[in-house]
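Lettering of chains follows the sequences in order, A, B, ..., and the numbering in each one begins at 1.
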Amino acid sequence: FIELCDELTHQDEKVFEDLFRRLGLSVDWSLLYTTIETRSRRVSQRAFLHNLARGEAYTQEAPTLWDVDFQTAVAQAELEDRERPGAYHQVAFARTDGGGDVVIDTTRPVLIAACVALVAHPDDERYQPLFGSTVRTPLYGVEVPILAHPLAQPDKGTGIAMICTFGDLTDVLWWRELNLPTRPIIDRNGRIVATPPTGLDSTEGRAAYALIAGAKINPAQTTVVESLRETGALIGEPRPIVHPVKFYEKGDRPLEIVTSRQWYIRNGGRDADLRSSLLARGQQLAWHPDHMRHRYSNWVEGLNGDWLISRQRFFGVPVPVWYPLNDAGEPDYESPIVPNEASLPIDPSTDVPPGYAPEQRDRPGGFMGDPDVMDTWATSSLSPQIAGRWGDDDELFSRVFPMDVRPQGHDIIRTWLFSTVVRAHFEHDSLPWTNTTLSGWILDPDRKKMSKSKGNVVTPMDLFDNFGSDAVRYWAACARPGVDTAFSEEQMKVGRKLAMKLLNASKFVLGFPMPAAGATATHAIDLAMLGRIAATAREATDAFEEFDYARALERTESAFWWFCDDYVELVKGRAYGSQGDEAASSALAAMRIALSALQRLFAPFMPFTTEAVWRWWNEGSIHVQSWPNADELAAFAGTESAPTEALLAVSSDILGQIRRAKTEAKTSQKTSVALARLRCDAQTRGMFESVRSDITEAGSVQEWEIIDESAGSAALVDVELAPTT
RNA sequence: GGGCGAUUAGCUCAGUCGGCUAGAGCGCCACGUUCACACCGUGGAGGUCGUGGGUUCGAGCCCCGCAUCGCCCACCA
């Protein structure tokens with residue numbers, strides 16, 4: 001079975017790797033690790049043994065949430081609530097002093113046989129006189145005390161509840177705090193146990209119990225309700241309700257609570273000091289987006305027990321201990337035998353502990369292996385240690401740990417993120433990483449969470465086939481960190497158009513003759529354009545520093561479309577040589593400098609398109625080039641000043657007015673302008689003169705007439721179109 | 001019940017330090033085949049920024065309340 005699991009895992013790994021490669025993730029595949037490989041098992045077991053040696057891991061026999069189908073204990077972090085139909089049943093318990101009945105409300109009358117006490121709030125005057133007295137359970141006749149506990153809610157049901165071992169986590173808490181006996185009646189298969197619990201001794205009681213012994217829970221409940229009705233203990237009829245019930249997140253039936261021996265790692269659920277240390281770790285961590293830190297605090301503050309790491313499954317990293325067996329063949333759980341670290345990883349079901357012989361397995365005076373495996377998070381919580389080769393290459397580990405960033409979904413803050421913090425806190429007295437980024441979910445177009453059961457999932461490979469990897473990446477990159485995003489083919493089409501535009505724009509710019517060696521941008525408008533690209537590079541860099549990739553993309557995209565639609569349209573006549581070689585040279589140099597920066601700014605988002613266009617005119621991959629920055633564009637120092645932006649504004653304003661006139665005249669943009677009459681102030685005129693020849697060409701203006709206006713006046717252009725032929 | 005987030009154009013979303021005459025893309029309308037690109041271009045219509053108060057010379061933004069939606073946590077009598 002384990003071999004088949006391994007095989008399937010490798011097949012799945014291949015599928016994922018193909019997917020990630022197709023997506024263009026810049027992963028160093030030589031550093032691949034899997035959580036079930038030898039090295040990971042070694043790290044997992046070593047960390048566990050360290051936890052054990054320091055007292056951070058311990059084993060305990062205790063009531064545990066149990067999935068009767070998966071046949072395993074589950075941890076608090078794996079729970080989810082589901083709304084389920086149920087019914088309140090009012091049931092009478094007879095007072096032993098003959099003073100009448102005490103009526104409780106319960107949704108699970110099947111558990112009356114497991115009842116060990118009734119409980120009400122200490123301030124509840126209705127029940128105060130009864131505290132310390134006893135009642136008999138209906139059907140079974142077991143005498144149980146009436147006790148007081150502040151967690152009992154006077155306004156819930158009749159205000160007095162029955163405590164069963166165990167119906168819910170509150171029962172466990174009451175049982176522990178009130179020192180109550182145990183009367184378990186549900187076994188690990190979800191059936192009523194065959195023999196009645198201790199204390200259920202009367203002949204009538206045993207007869208009543210025999211009716212449900214061995215039955216599944218739901219039929220047993222039906223039987224109990226019938227019996228209650230016959231004996232008159234059921235008051236009125238059950239009142240249907242819908243209430244939340246705890247499920248294992250992968251399970252199909254409600255969780256039960258059974259007593260079993262399990263391994264735990266301390267996580268602050270039972271220790272206020274540890275809890276505040278772990279809360280402090282959450283405060284030290286840089287969260288992106290920041291508000292996600294509240295989910296961490298919320299979770300840590302709400303923990304009600306330590307982290308249950310053992311699972312009763314066949315496939316997983318084994319708990320690496322054995323237990324000595326006494327002469328009666330009983331294990332001593334308090335003195336586990338641990339392996340030498342050098343021998344890790346081990347499997348206690350086949351490996352023999354130091355000092356023992358194989359024949360001594362499961363024999364009195366010999367040993368037994370721990371039968372459990374560790375939960376997947378117990379290994380995944382060590383991913384920085386595994387990736388950093390902790391214990392195998394400590395020099396490497398010291399250089400990469402703590403790591404810079406953990407990216408993950410916000411739904412696994414309570415599992416992956418938190419458990420990783422716990423392990424690093426214990427092992428290294430440190431955070432595992434400096435930053436964490438939380439991505440949102442992809443929702444279907446109707447904003448519902450995608451899930452296999454709803455059948456609304458899409459597979460990435462189909463998207464890559466239909467839209468191209470860069471287009472899919474574009475859509476994904478538009479989703480801001482931590483924000484859920486609806487699946488959108490429209491957005492992928494936009495990404496595809498952008499990639500196409502980058503191909504075309506690159507082809508166009510590179511199709512011009514090479515500027516002469518040493519040529520650079522000299523014209524004011526060219527320098528102004530480069531100033532804007534430099535500003536864009538700075539904005540994108542700042543955004544990336546804050547992990548806001550969506551903003552970096554948005555700024556770059558916006559600058560790129562402006563570059564294509566406004567700047568290139570404005571200067572392309574000059575670039576073709578209409579104003580002489582020197583004027584052309586400035587435009588050609590500027591366009592190439594801008595194109596280089598823009599291609600690199602887009603590289604993280606559209607790795608395939610940018611790699612293609614980069615190699616048209618460069619050696620080597622774009623993905624190992626330096627990031628465009630202010631230093632690189634320092635050759636154009638001073639071009640980011642306000643007059644630069646003003647110049648760009650004036651030029652697009654004047655050209656825009658000419659274009660609008662042509663649009664309003666419902667004529668082609670290439671229609672000549674016989675006379676353009678520009679009214680503007682002196683400052684605007686000055687700027688206009690520096691771009692006049694470009695605007696003249698771009699707007700096909702035959703003649704200008706400049707009319708001076710007072711300072712501060714908006715520029716106005718009257719356009720007289722030449723007759724079309 | 002506790003916490004967090006969202007609410008801006010028909011849709012999806014930006015809006016950074018309180019200066020906004022509120023933007024983008026898609027969609028829609030009109031025009032245009034222009035020598036990189038019709039997977040294109042030019043222009044246009046479309047918003048009392050969820051709501052009620054407050055602070056301020058000035059509020060989409062800050063403060064208080066409310067509503068709606070979503071998520072996290074608690075909630076099985």
Side-chain angles (χ1 to χ4, degrees), chain A residues 76 79 81-84 86 88-91 104-109 111 115 118-120 151-153 156-164 167-171 174 241 243-246 254-255 289 291-304 410-411 413-414 440-441 443 445 447 449 471 475 478-480 482-486 488 490-491 493-494 496-512 539 542-543 546 548 550-551 554-555 557-558 561 564-565 568-569 572-573 576 655-656 658-671 700:
Chain A
Q76 186 181 355
L79 305 185
D81 287 346
R82 295 183 199 161
E83 293 288 328
R84 281 296 147 117
Y88 278 123
H89 301 72
Q90 272 200 357
V91 179
I104 60 113
D105 250 322
T106 179
T107 56
R108 300 194 72 186
L111 289 176
C115 177
L118 301 189
V119 65
L151 222 59
Q153 295 176 31
K156 209 163 182 180
T158 59
I160 186 164
M162 69 170 181
I163 303 173
C164 307
D168 62 31
L169 292 173
T170 316
D171 282 341
W174 278 326
I241 54 159
H243 61 162
V245 179
K246 285 206 188 308
L255 290 167
H291 70 255
M292 287 291 176
R293 67 173 67 251
H294 298 291
R295 298 203 183 184
Y296 176 96
S297 309
N298 226 323
W299 175 251
V300 178
E301 284 161 3
L303 287 169
N304 55 29
H410 59 63
D411 52 331
I413 289 173
R414 65 180 184 171
W441 281 332
L443 307 175
R447 301 202 70 81
K449 192 182 175 186
W475 157 72
C478 287
R480 306 189 99 78
V483 179
D484 294 347
T485 302
S488 166
E490 289 308 310
Q491 203 64 6
K493 288 178 186 166
V494 173
R496 190 172 171 78
K497 276 166 55 177
L498 176 62
M500 201 66 72
K501 188 75 175 179
L502 184 58
L503 286 167
N504 279 315
S506 297
K507 185 176 77 180
F508 182 60
V509 169
L510 298 174
F512 284 102
E539 281 183 295
D542 290 347
E546 296 299 315
D548 194 351
R551 180 176 183 78
E554 185 221 337
R555 303 310 305 160
E557 185 184 8
S558 164
W561 282 104
C564 293
D565 293 345
V568 173
E569 289 300 324
K572 69 187 192 183
Y576 275 121
L655 186 55
I658 294 170
R659 284 169 170 170
R660 196 171 304 120
K662 293 179 183 177
T663 297
E664 279 165 8
K666 297 186 188 296
T667 184
S668 163
Q669 288 295 322
K670 69 180 176 183
T671 303
S700 304

For this session: Could I get the full list of side-chain contact (heavy atoms from CB on, under 4.5 Å) partners for A:P254, not counting sequence neighbours?
Result: A:V245, A:F247
Exercise. How would you list, by chain and number, every residue that makes a salt bridge (Lys or Arg N to Asp or Glu O under 4.0 Å) with A:R82, sequence neighbours excluded?
Worked result: A:E80
N/O-N/O pairs, protein side and nucleotides 1-11 of chain B side, under 3.5 Å:
residue : atom : partner : partner atom : Å
B:rG2   : N2   : A:N298  : ND2          : 3.2

Problem set entry | Paired and unpaired positions of RNA chain B as dot-bracket, Watson-Crick or G-U wobble under 3.5 Å, | denoting a partner strand | (((((((..((((.....[...)))).(((((.......))))).....(((((..]....))))))))))))....
Exercise. Hey, does A:T158 reach any base, or is it just sugar-phosphate, or nothing, if we go heavy atoms under 4.0 Å?
Worked result: nothing
Exercise. At under 4.0 Å between heavy atoms, what does A:W475 touch on the DNA or RNA strands: base, sugar-phosphate, or nothing?
Worked result: nothing
Are any protein N/O atoms closer than 3.5 Å to N/O atoms in nucleotides 30-32 of chain B? If there are, list each pair with its distance.
residue : atom : partner : partner atom : Å
B:rA30  : O2'  : A:K666  : NZ           : 2.8

Exercise. So, is B:rC17 syn or anti if syn means the angle is within 90° of 0?
Worked result: syn
Problem set entry | Partner residues of A:R659 under the salt bridge (Lys or Arg N to Asp or Glu O under 4.0 Å) criterion, sequence neighbours left out | none
For this session: Only counting residues at least two apart or in another chain, list the ones meeting salt bridge (Lys or Arg N to Asp or Glu O under 4.0 Å) with A:E554.
Result: none
Seminar exercise, completed: For A:L151, the side-chain contact (heavy atoms from CB on, under 4.5 Å) test, sequence neighbours excluded, returns A:H149, A:T170, A:L173, A:W174
Distances for protein N/O vs nucleotides 21-27 of chain B N/O pairs under 3.5 angstrom?
residue : atom : partner : partner atom : Å
B:rC26  : OP1  : A:K497  : NZ           : 2.9

Problem set entry | Interatomic distance at C1', B:rC72 relative to B:rG52, whole Å | 29 Å
Exercise. Does A:K501 make a side-chain N or O approach to OP1 or OP2 of B:rG41 shorter than 4.0 Å?
Worked result: yes
For this session: Describe the nucleic acid contact of A:M500 in one word from base, sugar-phosphate, nothing, applying a heavy-atom distance below 4.0 Å.
Result: base
For this session: Provide the distance between the two P atoms, one in B:rC40 and one in B:rC26, to the nearest whole Å.
Result: 8 Å
Exercise. Which sits closer to the 5' end of RNA chain B, A:E83 or A:E664, going by the nucleotide each is nearest to?
Worked result: A:E664
Exercise. Of A:I160 and A:V568, whose nearest nucleotide on RNA chain B comes first from the 5' end?
Worked result: A:V568
Exercise. Quantified in whole Å, what is the C1' atom distance between nucleotide B:rC71 and nucleotide B:rC57?
Worked result: 41 Å
For this session: Take atom P in B:rG3 and the same atom in B:rA59, then report the distance between them in whole Å.
Result: 30 Å
Exercise. Which residues pass the side-chain contact (heavy atoms from CB on, under 4.5 Å) test with A:K507, sequence neighbours left out?
Worked result: A:N504, A:W616
Problem set entry | A:Q669: side chain to side chain donor-acceptor pair (under 3.5 Å) partners, not counting sequence neighbours | A:T663
Exercise. When you compare B:rA38 with B:rU21, how far apart are their C1' atoms, in angstrom units rounded to a whole number?
Worked result: 34 Å
Exercise. Sequence neighbours excluded, which residues qualify as side-chain contact (heavy atoms from CB on, under 4.5 Å) partners of A:A161?
Worked result: A:V119
